[in-house]
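This report concerns only the one structure given below.
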Amino acid sequence: QVRLMESGGGSVQAGGSLTLSCQASAYALTHFLVAWFRQTPGQEREGVAALDTGGNTNYADAVKGRFTISADNGILYLQMNTLKPEDSAMYYCASSPTLGSVADPLRRLEIYKYWGQGTQVTVAS
């Protein structure tokens, strides 16, 4: 069983920074594909950043250069800099029991079998 718990969400001003954390396990982070997704009311959940078991990362165009995904000691992080109002959403961490690289990991929600409860990020303009 893989349990994921996000934390670190909150309200910040545009241009500010925030770091989200997802408590998992060292095993899950080294054997599973992990990723961050976000969703706003009425919208489809979208991929934000992914990290595969080979250490490769993928980012949505909207966050490239501003967000960084990383993992350490059983915790998955999403460092968010230069936040914009459009970044406001419920953020979820997710994992897929997949080894190696995965094509388009941010567009394949069906492969993620485990999800956290979500943490809200609100960026004021």
Side-chain angles (χ1 to χ4, degrees):
Q1 290 293 111
V2 177
R3 299 182 66 183
L4 306 172
M5 295 185 289
E6 304 96 333
S7 63
S11 182
V12 298
Q13 295 296 123
S17 299
L18 202 61
T19 298
L20 306 182
S21 299
C22 176
Q23 180 67 243
S25 70
Y27 184 87
L29 295 181
T30 55
H31 290 75
F32 285 16
L33 164 71
V34 290
W36 287 95
F37 287 80
R38 65 186 182 186
Q39 186 173 30
T40 54
Q43 302 297 313
E44 184 175 319
R45 189 166 297 185
E46 62 176 348
V48 176
L51 174 66
D52 69 24
T53 58
N56 301 300
T57 59
N58 286 275
Y59 296 95
D61 289 341
V63 307
K64 285 182 179 178
R66 299 188 298 119
F67 290 13
T68 302
I69 186 171
S70 63
D72 184 47
N73 294 323
I75 302 175
L76 180 69
Y77 298 96
L78 182 66
Q79 182 181 332
M80 310 162 69
N81 298 322
T82 318
L83 285 162
K84 304 175 180 180
E86 51 262 46
D87 292 319
S88 296
M90 182 71 76
Y91 283 71
Y92 302 88
C93 61
S95 65
S96 174
T98 306
L99 291 171
S101 62
V102 178
D104 300 322
L106 300 179
R107 296 180 179 275
R108 300 175 61 193
L109 282 78
E110 74 278 0
I111 70 174
Y112 295 92
K113 306 302 181 183
Y114 305 98
W115 296 83
Q117 83 290 346
T119 186
Q120 180 68 227
V121 172
T122 302
V123 184
S125 59

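Positions are given from 1 along the sequence.
- Between Trp36 and Leu76 the shortest side-chain heavy-atom distance falls below 4.5 Å.
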Got a list of side-chain donor-acceptor pairs under 3.5 Å for residues 60-71, not counting sequence neighbours?
unit_1	atom_1	unit_2	atom_2	d
Asp61	OD1	Lys64	NZ	3.1
Arg66	NH1	Thr82	O	2.9
Arg66	NH1	Asp87	OD2	2.7
Arg66	NH2	Ala62	O	2.8
Arg66	NH2	Asp87	OD1	3.0
Arg66	NH2	Asp87	OD2	3.4

Return a table of donor-acceptor pairs under 3.5 angstrom between the side chains of residues 17-35 and protein atoms on other chains or two or more places apart.
unit_1	atom_1	unit_2	atom_2	d
Ser17	OG	Asn81	OD1	3.0
Ser25	OG	Ala28	N	3.1
Thr30	OG1	Ala26	O	2.9
Thr30	OG1	Tyr27	O	3.2
His31	ND1	Tyr27	O	3.1

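- Tracing side-chain contacts under 4.5 Å through hydrophobic residues (I, L, V, M, F, W, Y), one reaches Met80 starting from Val12; they form part of the same cluster.
- One finds the OG atom of Ser101 at 9.5 Å from the CG atom of Asn58 (value rounded to the nearest 0.5 Å).
- Residue Val102 is not grouped with residue Tyr114 when hydrophobic side chains (ILVMFWY) are merged at heavy-atom distances under 4.5 angstrom, including chains of intermediate members.
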Would you mind writing out the side-chain donor-acceptor pairs for residues 46-55 within the sub-3.5 Å range, not counting sequence neighbours?
unit_1	atom_1	unit_2	atom_2	d
Glu46	OE2	Arg38	NE	2.9
Asp52	OD1	Gly54	N	2.8
Asp52	OD1	Gly55	N	3.1
Asp52	OD1	Asn56	N	2.9
Asp52	OD1	Asn56	ND2	3.4
Asp52	OD2	Asn56	ND2	3.2
Thr53	OG1	Gly100	N	2.6

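- Taking CE from Met90 and OG1 from Thr122, the interatomic distance works out to 8.5 Å, rounded to the nearest 0.5 Å.
- Without hydrogens or angle criteria, Glu6 side chain to Gln117 main chain gives a donor-acceptor distance under 3.5 Å.
- Note: Lys84 NZ to Ser125 OG = 13.5 Å, rounded to the nearest 0.5 Å.
- Between Phe37 atom CZ and Leu78 atom CG the span is 12.0 Å, to the nearest 0.5 Å.
- Hydrophobic clustering, with ILVMFWY side chains joined whenever heavy atoms are under 4.5 angstrom apart, groups Val121 together with Tyr59.
- Note that CZ of Arg107 and CD of Glu110 are 12.5 Å apart. Values are rounded to the nearest 0.5 Å.
- Closest of all the heavy-atom pairs between Ala89 and Gln120 is O-OE1, 3.2 Å.
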